[in-house]
Amino acid sequence: MSSLDAFAAGKLAALDARHQRRTLVPTARLSGPWLEREGKRFISFSCNDYLNFSTDPRVKAAAIRAVEQHGTGAGGSRLITGNHPLIEELERRLASLKGTEAACVFGSGYLANVGIIPTLAGRDSLVLVDELAHNCINAGAQMAQGAVLRFAHNDLGDLERLLREHRGHHAHVLVVTDGVFSMDGDLAPLEAMGALCAEHDAWLMADDAHGIGVLGGGRGSAHVGAKMARVPLQMGTLSKAIGSYGAYLCASQPVIDLMKTRARTLVYSTGLPPAAIGAALEALNIIESEPDYCALPVEKARRFTRALNLAPAESPVVPVILGPETRALEAQRLLAEAGFLVAAIRPPTVPAGTSRLRFAFSAGHEDADIDRVAALLRERVL
Ligand SMILES: *Cc1c(COP(=O)(O)O)cnc(C)c1O
């Protein structure tokens, strides 16, 4: 065996021994929450397509129209020839939804975070990151040239301690958190965090991947309280509730202008294909006109948490924490036998010893199916 293949095989064997190896399974997504694997149909509680827009006839038609008018690919970086007219329309619509001066669309959420954070945090900066923040926030912080520290999850006291201790030693401080935590479904205390950051002249960025479309009347997690949280950097993705692909930063005009000239993942990567933009624009049309529909995923999640006597869901994401990897994998297998697809999430995506089933609820889930899956969990897993 070559040293290269021996390296890969050794890594895989170590992951297997820890029950942490992952493999891809061909999966055909059907309509609503349904999908098909290995010839079997399942109800999925694992898709982030909270509003089922990725198979919505109106959204699909908008994507097809965009392809017919503008073709399949952007043809280049946005700064060369890839700045499709529909992208600018989408940026205006996102800024208006989020209540900011401007917006910048990126290729994906991962690319956005890896582009935005190093653009704002140089050698003279400190980045403070919630310990449970998404992997791509940590990747962005690693790519920034300054210092990086973690604060305890959603712990304003710990964040304040770090700000008091370190603010004076850095020209700038960027604080980054998920708005909705992707594996736990809880919300960051953005109103209080925004006030704390403003007090210390730190810049707050919230990643609203799981908030846009489904919280705050569709406007996202910075908009759930009585007044809008002070979050000058509102980032999010178009690949979850929006049902498409791509991501955005909504912020002031100078910040957005800086991104468009300096963020490496915007400058050196091809613009989004027209179909993705056309779909996202139609999704925003529906979000803005159907607030009751947008509220459904959280209502469905609350039906589930009531049935299991868990704390009421704050978002469409609900974890059922089981501990060891093997226990989560076994629960996943048992639910799959009953026709429910729920992904077991294991380290390093979540901390060691907190392997879990991660439930994601969508507008299209039937109440009866939620009740059935909850009963099965109560009787056979918990
Ligand atoms: C999914 C996710 C991302 C990545 O977004 P993509 O568009 O899928 O690359 C970023 N941040 C959070 C919190 C996420 O859950």
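Atoms within each ligand, like the ligands themselves, are counted from 1 in listed order.
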If you measure every N/O of [X] against every N/O of ligand 1, is any gap under 3.5 Å?
| X | value |
| --- | --- |
| Asn113 | no |
| Ala209 | no |
| Tyr245 | no |
| Asp178 | no |

Residues passing the ring pair (Phe, Tyr, Trp, His ring centres under 6.0 Å) test with Tyr248, sequence neighbours excluded, are none

Hits for ring pair (Phe, Tyr, Trp, His ring centres under 6.0 Å) against His170, two or more places apart or cross-chain, chain-then-number order -> none

From the list Lys98, Glu101, Glu91, side chain to side chain contact (heavy atoms under 4.5 Å, CB included) with Cys250 holds only for Lys98

With atoms numbered from 1 as shown, which atoms in ligand 1 lie under 4.0 angstrom from a non-hydrogen atom of [X]?
| X | value |
| --- | --- |
| His210 | 14 (C), 15 (O) |
| Ser182 | 15 (O) |
| Asp207 | 10 (C), 11 (N), 12 (C), 13 (C) |
| Thr237 | 5 (O), 6 (P), 7 (O) |

Exercise. If you measure only the distance, is there a donor-acceptor pair under 3.5 Å linking the side chains of Arg123 and Gln145?
Worked result: yes

- request: Look at the aromatic rings of His134 and Tyr110 and report parallel, tilted or perpendicular, splitting at 30° and 60°.
  value: perpendicular

Practice prompt. Using the six-membered ring wherever Trp is involved, compare the ring planes of Phe45 and Phe340 and label them parallel, tilted or perpendicular (cut-offs 30° and 60°).
Written response: tilted

Among Ala247, Gly109, Ser239, closest by heavy atom to atom 8 (O) of ligand 1 is Ser239

query: Applying a strict 4.0 Å limit to heavy atoms, is Cys136 in contact with ligand 1?
result: yes

Check: Is the gap between the ring centers of His153 and Phe181 under 6.0 Å?
Finding: yes

shortest atom 1 (C) of ligand 1-to-protein heavy-atom contact is with Lys240 NZ, 1.4 Å

Between the CD atom in Glu88 and the CZ atom in Arg93, the distance rounded to the nearest 0.5 Å is 15.0 Å

